[in-house]
Chemist: 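One structure is given below, represented as structure tokens, and several questions about it will come after.
Letters A, B, ... mirror the listed sequences (proteins, then strands); counts begin at 1.
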Amino acid sequence: MLNPGVVGGSSNSDPFPAGLRVLVVDDDPTCLMILERMLRTCLYRVTKCNRAGIALTLLRKNKNGFDIVISDVHMPDMNGFKLLEHVGLEMDLPVIMMSADDSKSVVLKGVTHGAVDYLIKPVRIEALKNIWQHVVRKKRNVSEHSGSVEETGGDRQQQQRDDDDDGGGDNNSSSGNNEGNLRKRKEEEQGDDKEDTSSLKKPRVVWSVELHQQFVAAVNHLGVDKAVPKKILEMMNVQGLTRENVASHLQKYRIYLKRLGGVSQHQGNMNHSFMTGQDPSYGQLNGFDLQGLATAGQLPAQSLAQLQAAGLGRSSSSLIKPGTMSVDQRSIFTFQNSKSRFGDGHGQMMMNGGSGNKQTSLLHGVPTGHMRLQQQQMAGMRVADPSMQQQQSMLSRRSLLDDAVVVRNSSRVLPGATHSVFNNSFPLASPPGMSVTDTKGGSSSATAAFCNPSYDILNNFPQQQHHNNNRVNEWDLPNMGMVFNSHQDTTTAAFSASEAYSSSSTHKRKREAELVVEHGQNQQQPQSRSVNPMNQVYMNGGGSVRVKTETVTCPPQATTMFHEQYSNQEDLLSALLKQEGFPLLDSEFDFEGYSFDNIPV
Amino acid sequence: MGKCMQGFLDEQFMELEELQDDVNPNFVEEVATLYFKDSARLINSIDQALERGSFDFNRLDNYMHQFKGSSSSIGASKVKTECTMFREYCRVGNAEGCLRTFQQVKKEHATLRKKLEHYFQASQ
């Protein structure tokens, strides 16, 4: 809509943000009619939709056809939060959630899923008048990450094209003018190194499977934490791709990985505590990544546990044998691991390039478990198999040196099940515009793409593992698991992960994973491929991922859990250090202990 | 909004009226028509669910959540109040309370319908 080319065409008296293209989704016809009327009164261009599935299709078909999405939370075909996630990942459009439900947990859920705002029904027109701010804000944020001339040029063309497609006419030109004004304003405000046509509205790059594979390969090669858009761009060497494209894609990718990790928000918060000091822009990702990693890497169960913890109130102590693990040992763990990890630049885990150092230092203070999380996360990232991570973490919990177990688990995890998910999730999840067909076709290749890089990366771990064998059990397991996993098809991972553990925690996880999977599956069917993977990813990733979500809604409980974990950490660590076989991790709390262990809060 | 409407409709209804203009002269009536059509469907579903006697409170609550949402969007305050009560009974699993309250919901709903019919007729 915004036409950068048309700058100052009409006077500023034109009511910006008139012409804002809004997609409103609500299964309630009465509300939908009212919203449409209200939005039209705000001079927005409204498209209404009563099914999330249809909305997604619309959005996918019109990559740049909308500026913002407003969606109800409760819808029959798809949870509004799911839609929110998809839109965020695929189209990177701002999404506003609405509901008659004003409970804090639901609002929080909206926030954690990335909604830019949450409106309580009945919605008033005043609330809608200012939604354009989210569009501006998003564009500004995106622009800050890049400043490509190419994109602006392309964007401009696109803008004009859009306007033309709209049928031209006065309306279009005036809205175009308005948008142009908006754009101009933004440019001035931002002061980015953009051309007159700001890159605020970049042409939406279609991240095809191949493109995403290249992207992931580049990221893996560079190391997740060291991967910066510029380098990635150079490595990818794709004509027409701009640094900005890569930057925003990278951002999404990281968020996605975080989600895969399934770290509960709760965890994330905790991570944040020791994440302080990191670059805020990364911080969020890192924090989340940590969470995800922690969850994914260490113990999906953990996250699950945590999530459950709030409710279950179990403590990981039951699982952990009182250990003699000394703080020193732990520190060694942490230090060694973190150092070696970071030293090798494997800190790709969560740590973004810039924050590597910070993270390292943070890690020192962080319990091994944390490190483990990272490792696993990395592995997870490589393999993109959240279930795998779960398993890994599980494994590490149970017995650090239980390679057999690890292998077992990993083998179970890897094969098949998550394959499609894995592939899909990755390529599909992050790249916007991945079409269903693309996804499918690319799934195998995507997997390959994912696996290959991961091999390289994972291989590094074993080496390290050997070093720390005795002490780095925790690390070893995850790594080993990762290695194994990378070799295997990840498809089944998710599923097997859920079934892998017989402990209660596993059970719980399994149940959750199953539920999640089912849910994901169901959703997948009606959805396009790209949607599926995402769902699956979320599901597989675990129960942890899902759990995470759940947990988020119960922060207070999580907090409680957190404390519990602390107390258990020592036990867990000592147990791990001893390489004692853990009694079946009965509680998902094991993981919880892990993730929060040593986390200096 | 006349006196007869007082209490039955809240400020949300007035918001809707403000949305009405020359271009959309019958907006409010259109919305009301749509609401009654859709809510009748919901009432039916709830009726059936209650008649079954199985009292799936989750399901009932779901229906009522939708119903409450629509009702609040047109400003049907009394209906909304009864809906809230119903959901509360669902929350605590009080079947008897649900049945009773639902009768109230239907009653208020029917009353509002009549009033609005008159209202629209009068404004034409």
Side-chain angles (χ1 to χ4, degrees), chain A residues 18 22 24-46 48-52 70-81 96-103 105-107 109-110 118-129 171 515 519, chain B residues 9-43 45 58-77 79-81 83-84 86-88 90-91 109 112-113 116:
Chain A
V22 184
V24 57
V25 191
D26 194 335
D27 65 312
D28 182 332
T30 310
C31 291
L32 203 57
M33 182 185 249
I34 295 172
L35 284 167
E36 185 192 29
R37 183 79 207 97
M38 285 181 171
L39 290 164
R40 293 238 153 96
T41 302
C42 296
L43 300 180
Y44 297 150
R45 284 166 52 173
V46 188
K48 54 178 185 180
C49 191
N50 67 349
R51 287 289 180 270
I70 302 180
S71 172
D72 188 47
V73 168
H74 297 96
M75 288 187 289
D77 67 330
M78 186 195 287
N79 183 303
F81 295 115
I96 294 177
M97 300 304 293
M98 341 170 255
S99 178
D101 190 351
D102 64 350
S103 60
S105 60
V106 184
V107 176
K109 201 167 174 183
Y118 190 102
L119 306 176
I120 307 291
K121 286 181 171 181
V123 178
R124 299 211 156 192
I125 195 170
E126 287 74 31
L128 297 174
K129 277 186 179 151
N171 290 338
L515 285 174
H519 184 55
Chain B
L9 293 168
D10 58 29
E11 56 274 0
Q12 182 64 18
F13 189 80
M14 297 202 286
E15 287 258 330
L16 299 185
E17 293 199 299
E18 276 168 29
L19 289 172
Q20 194 161 276
D21 56 19
D22 295 337
V23 180
N24 305 272
N26 302 311
F27 175 68
V28 186
E29 190 173 354
E30 284 164 13
V31 172
T33 304
L34 186 55
Y35 164 72
F36 283 110
K37 179 171 151 215
D38 190 51
S39 56
R41 178 183 60 79
L42 280 168
I43 286 178
S45 301
N58 268 342
R59 188 173 187 174
L60 289 171
D61 186 70
N62 259 343
Y63 282 135
M64 194 47 82
H65 176 86
Q66 295 177 51
F67 189 82
K68 184 182 168 191
S70 311
S71 305
S72 69
S73 71
I74 70 153
S77 51
V79 176
K80 187 169 144 190
T81 302
C83 288
T84 304
F86 182 93
R87 293 190 74 196
E88 187 54 31
C90 281
R91 193 180 68 79
H109 184 260
L112 180 66
R113 184 184 218 138
L116 279 174

Chemist: Looking only at heavy atoms, what is the nearest atom pair of A/Cys31 and B/Gly69, with distance?
Modeler: SG-O, 4.0 Å
Chemist: Once you leave out hydrogens and angles, what donor-acceptor pairs under 3.5 Å do chain A and chain B share?
Modeler:
from     : atom 1 : to      : atom 2 : distance (Å)
A/Asp28  : OD1    : B/Ser70 : OG     : 3.4
A/Asp28  : OD2    : B/Ser70 : N      : 3.3
A/Asp28  : OD2    : B/Ser70 : OG     : 2.5
A/Arg37  : NE     : B/Leu19 : O      : 3.2
A/Arg37  : NH2    : B/Leu19 : O      : 3.4
A/Arg37  : NH2    : B/Asp21 : OD2    : 3.2
A/His74  : ND1    : B/His65 : NE2    : 3.1
A/Arg124 : NH1    : B/Glu15 : OE2    : 3.2

Chemist: Nearest 0.5 Å, what's the CG-CE distance between B/Leu19 and A/Met33?
Modeler: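 Going from the CG atom of B/Leu19 to the CE atom of A/Met33 covers 11.5 Å.
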Chemist: Under a 4.5 Å heavy-atom cut-off, does chain A meet the side chain of B/Leu34, its backbone, both or neither?
Modeler: both
